[in-house]
Structure formats: C-alpha cells, structure tokens
Participant: 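Quick one: structure below, then a few questions.
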Protein chains: 2
Amino acid sequence: MPVPKGSTIDPARTRAAILQAATALLYERGLDGIGVAELCTRLGVSKETLYRHFGTKDGLVEAVLEARSDRVIAWVEAAVAAAGDEPAAQLAAVFDALQHWYEEPAFRGCALVNAAAQHHVPQVRAITARHLGRHLTLLTGIAERAGAAEPGLLGRQLLMLVEGATVVAAHRDTRGPGAEARAAALTLLAAARERPGPDT
Amino acid sequence: MPVPKGSTIDPARTRAAILQAATALLYERGLDGIGVAELCTRLGVSKETLYRHFGTKDGLVEAVLEARSDRVIAWVEAAVAAAGDEPAAQLAAVFDALQHWYEEPAFRGCALVNAAAQHHVPQVRAITARHLGRHLTLLTGIAERAGAAEPGLLGRQLLMLVEGATVVAAHRDTRGPGAEARAAALTLLAAARERPGPDT
DNA sequence: GCCGGATCGTACCGATCAGTTCGATCTATT
DNA sequence: AATAGATCGAACTGATCGGTACGATCCGGC
C-alpha cells in the first residue's frame, strides 16, 4: 500500500503511487472522512510531497476522481469488447461487470456520484457530470448498434438503470441488482427494437 | 424561516420548527457543509436549545432524515392515490411526481442517498436503507396490483429506475429523466404483464 | 405577582483540520 | 566526491468544529 521508498526517485511514479493509494482511502472513508495528515501517514508520504504534487487537498481529490473515471470507463469498455459483436450480449456484459463490482467487499457505491453528493466544489460536480456523460456515450453506442428506435433515449434509460442498480446495491442488497437490472435492460432493448426508427 | 419567537413557548413546536428549517439547510449545504453555529444562527435558535432537543448534531441529522423519509413516502403515496385505480396510471404518477421534484430549484438529489454517501455513521445508513425499503414496498404494491409475473422483481427494477432517474437528474439533466424513466417503467410493466405468474 | 422552565447570547474548551516551513536525508547525475 | 532535486519527519499556524457553561430574559401556571 505505501509508496515504495527505496526505489528510484521518480516524481511521476511517486505521484501515481499517491494517486492509487489515495483513491482507495478516499473511497473507503469519504472525501471529508480522512484528513491530509492521516492520508499521508497511510500513504507513507510526507505532507510536503503530497502538496508539491497536488497543490491542495481538493487538487488531490480532483486528480483521484479523474483517474477513477478513466479507469471505470476503460473497464466497462473492456467488458463490452470482450462480449463479442452482439449488442444484447454487450449490454448484458455491462451489468455482469457491475454485479462483480457490487460483490467486492470494498464496494461503497459509485465513487464519482458519492463525491458529488459530499463535496460542493463545482469542479467535483463537473467531473461527475462528465463521467456520467462518458457512461452515456458508451450505452448509447450499444443502443445504436442494436438498431433501437431512439438510441439516445434508450441510452439515457440504460444509464438510469446502471446508476439505480448501483445505488440499490450500495444501500440495500449487493447480490441481486446486477442481474435484475440486466433483465430490465434487455427488456427495454427488445422493446426498442420492436419499434424501429424511421430510417431503419 | 426562523423559529417564531413571540409565540407560546412550546418545546414540541420549537423542535418541529428546528427540524423543518434544518432539513432545508442540511439538504442544501450537505451534512458536513454547515456547522452547528451557523445552523443555529440561520435557524434563529441558540445552541443550547438545539442540543437540548437533539443531544448531538448526529441526533439532529437522524431526526431530519427520519422526518424527510416520512414526508417523501407520504408524498409519493399521495401521488399514487390521486392517480386512480389503474396500476399503470399509478406508476406513471410516481414518475410525474418525481419530475416535478427534479425541476425544483433546490433539487439536489435524494437527501437520504446523499446523506448515506457523506456520513459514515451506521445509523444514517440504516435510515437510508429503510427509506429505500419503504419505497420498494410501495412500488412492489403497484406491481402486484398490475398482475406482474414476479411483482417483487418488478418492484426492485422500478426502484432502480426511480433512484437512477434521481441520480441522473441531480448530475446531468433535470428536465428529461422523469418522463424517460416513466416510459421505461411502463415498458417493464407491460412486459411483466405479458408473462403472468403461475397462479394468475 | 411570583416561580420554574424554556430560551437566548456569548464566551469558552479541546480537538482537528488544511496548509506551511525547515533542517535532515536520500538518490541520481556528473 | 560534490551538487541538485526529491523526500522525510516533525513542528507550527490560524481557522473551524462540536459541544459546554452561564447569566440574562421571557413566558405560562399557580
């Protein structure tokens, strides 16, 4: 967990190590649930180093959230890519991936949505909004390839299912939501296919 | 907004007035976004009074969230009751009510879900879980009356749509989610009706 | 008209927080 | 070996936080 100390002094590597370790701690404890001092001791890093790399605690938070958004989107894209060419299978793969996430012991809901609920700094809210936008693009792409009548609409509805399943998994039950949301998503997809768009 | 001062000294009334004013402020600023001192000045109440009624800040937070959950559930139940006997109309009414909520200027997402994302006190999380449970009971009731094949499953899927629409409305777009989630919900309801359960 | 409880306003306490500073130490480069 | 930059560890600052204490004030019941 702590930043490797004996290794080559490489600012970029130090920064990356801080980012990775801070991501887990801020997710587990909440953005305001852990102070910079404890954060540094748990990271094995001095305050001066942290502040030289990130300027302020908010700067660290923003960097953590940006990196997390990148990782999440790449992870979902990988799940889609591994599901073959069939759009329905790709959609199912998204929810199967979510279900695996829900069952991780450290699962605490969507870090981006949680952060926006805690922190009122507009930049944090902007990062969350952008994250949802990237997620929406991904889902809308599936809807388009599936020949949905209104892929934009279906994409937004699928996004609601994704976020709703995550909320329910975080606060009620971590076992069911993935599969149940997947079934709902496939139902919506099938219904949207039955009424093809004007140019299909 | 401030607690009426010239009126009869009535502890219960004072408590209720604090509760109502604190609900709005804690929702707007976040549970940790406003301190007890500012809270008291904005409420027009002394710290001693607040602490005599609620013991600790966490006590106030819990009371606020409990009261909010009660109000929200009663408000949704009223929307359902006003929609007549047809389950599909009742379901549509739920999302229409949500849409009105999303368009309120003060809308900031579900206060209960936000609170659970901020505060790590287990009691707060318990209140949120109970709130989602009450919401689920309500939606499952509609699913049962509609003759859904698996009303429990449909209820949970509808809950995901409700929470997902709220998240999307809070972070991306306050205009669309209500109607779009309603359309998705009605599609799911229709699909669940086409495959009636074994004893229907 | 007096008394008891509710309330107010303010001052105060200890803890914690984000952020700064500085001398000591470590490492890579030359 | 010497230099320069990265890092450490620890002390420090000023602000804010939740919570407490206390005298003054206000009100309803007797």
Side-chain angles (χ1 to χ4, degrees), chain A residues 1-22 25-26 28-65 115 118-124, chain B residues 1-22 25-26 28-65 115 118-124:
Chain A
M1 194 81 65
V3 177
K5 202 182 296 189
S7 66
T8 297
I9 288 188
D10 179 347
R13 199 172 298 265
T14 300
R15 184 189 155 98
I18 293 174
L19 218 48
Q20 182 191 344
L25 282 169
L26 289 172
E28 177 190 346
R29 302 269 297 266
L31 301 187
D32 293 332
I34 185 168
V36 175
E38 183 181 355
L39 208 44
C40 287
T41 62
R42 302 277 281 256
L43 265 50
V45 159
S46 73
K47 279 178 142 193
E48 182 171 352
T49 299
L50 189 149
Y51 277 104
R52 179 156 27 80
H53 279 294
F54 298 99
T56 66
K57 188 183 183 183
D58 282 348
L60 171 65
V61 166
E62 290 159 22
V64 162
L65 294 179
Q118 300 171 47
H119 230 279
H120 303 151
V121 174
Q123 285 171 314
V124 167
Chain B
M1 196 79 65
V3 177
K5 203 181 295 189
S7 67
T8 298
I9 287 187
D10 179 348
R13 199 172 299 264
T14 300
R15 184 191 154 97
I18 293 175
L19 217 47
Q20 181 191 343
L25 282 169
L26 289 172
E28 177 191 347
R29 303 268 296 267
L31 301 186
D32 293 333
I34 186 168
V36 174
E38 183 182 354
L39 209 45
C40 286
T41 62
R42 301 278 282 256
L43 264 51
V45 159
S46 72
K47 277 179 142 191
E48 182 170 350
T49 298
L50 188 148
Y51 277 104
R52 179 155 27 77
H53 280 293
F54 299 99
T56 66
K57 188 185 183 184
D58 282 348
L60 171 65
V61 166
E62 289 159 24
V64 162
L65 294 179
Q118 300 171 47
H119 231 280
H120 303 150
V121 174
Q123 285 170 315
V124 168

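Just so we're on the same page: letters track the sequence lines, and every chain starts at 1.
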Participant: For D:dT7, does either OP1 or OP2 sit under 4.0 Å from a side-chain N or O belonging to A:Thr14?
Facilitator: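 Indeed, a polar side-chain atom of A:Thr14 lies that close.
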
Participant: How many angstroms lie between atom CZ of A:Phe54 and atom CD of A:Glu62, to the nearest 0.5 angstrom?
Facilitator: 11.5 Å

Participant: Starting at the 5' end of nucleotides 13-23 of chain C, put B wherever the base has a protein heavy atom under 4.0 Å, S where only the sugar-phosphate does, and a dash everywhere else.
Facilitator: -----BBB-BB

Participant: Identify the two heavy atoms, one from B:Leu31 and one from B:Gln118, that lie closest to each other, and give their separation to 0.1 Å.
Facilitator: N-OE1, 2.8 Å

Participant: Is the distance from OP1 or OP2 of C:dT10 to the nearest side-chain N or O of B:Ser46 less than 4.0 Å?
Facilitator: no

Participant: Looking only at heavy atoms, which two atoms of B:Ala63 and B:Arg15 are closest? And how far apart?
Facilitator: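 Scanning both residues, the minimum pair turns out to be CB-NH2, 4.1 Å.
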
Participant: How close or far is atom P of D:dC8 from atom CZ of A:Arg42, stated in whole angstroms?
Facilitator: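 Distance check: A:Arg42 CZ to D:dC8 P gives 17 Å.
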
Participant: How many whole angstroms separate atom CG of B:Leu50 from atom C1' of C:dA6?
Facilitator: 14 Å

Participant: Look up atom CD in B:Glu48 and atom NE2 in B:His53, then write down how far apart they are to the nearest 0.5 Å.
Facilitator: 10.5 Å

Participant: Rounded to the Å, how far apart are B:Phe54 CZ and C:dA6 C1'?
Facilitator: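 In whole Å, C:dA6 C1' lies 15 Å from B:Phe54 CZ.
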
Participant: Tell me whether B:Glu38 at atom CD has more than 12 heavy atoms from other residues, nucleotides or ligands lying less than 6.0 Å away.
Facilitator: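 Yes, because the 6.0 Å sphere around CD of B:Glu38 holds more than 12 heavy atoms from other groups.
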
Participant: Return no unless some side-chain N or O of A:His53 is found under 4.0 Å from OP1 or OP2 of D:dA6.
Facilitator: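 Answer is no, no contact under 4.0 Å.
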
Participant: Do B:Leu39 and B:Val45 have side chains that get closer than 4.5 Å, going by heavy atoms?
Facilitator: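 Contact flag for B:Leu39/B:Val45 side chains = no.
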
Participant: Would you say B:Arg52 reaches C:dT7's phosphate, i.e. side-chain N/O to OP1/OP2 under 4.0 Å?
Facilitator: yes

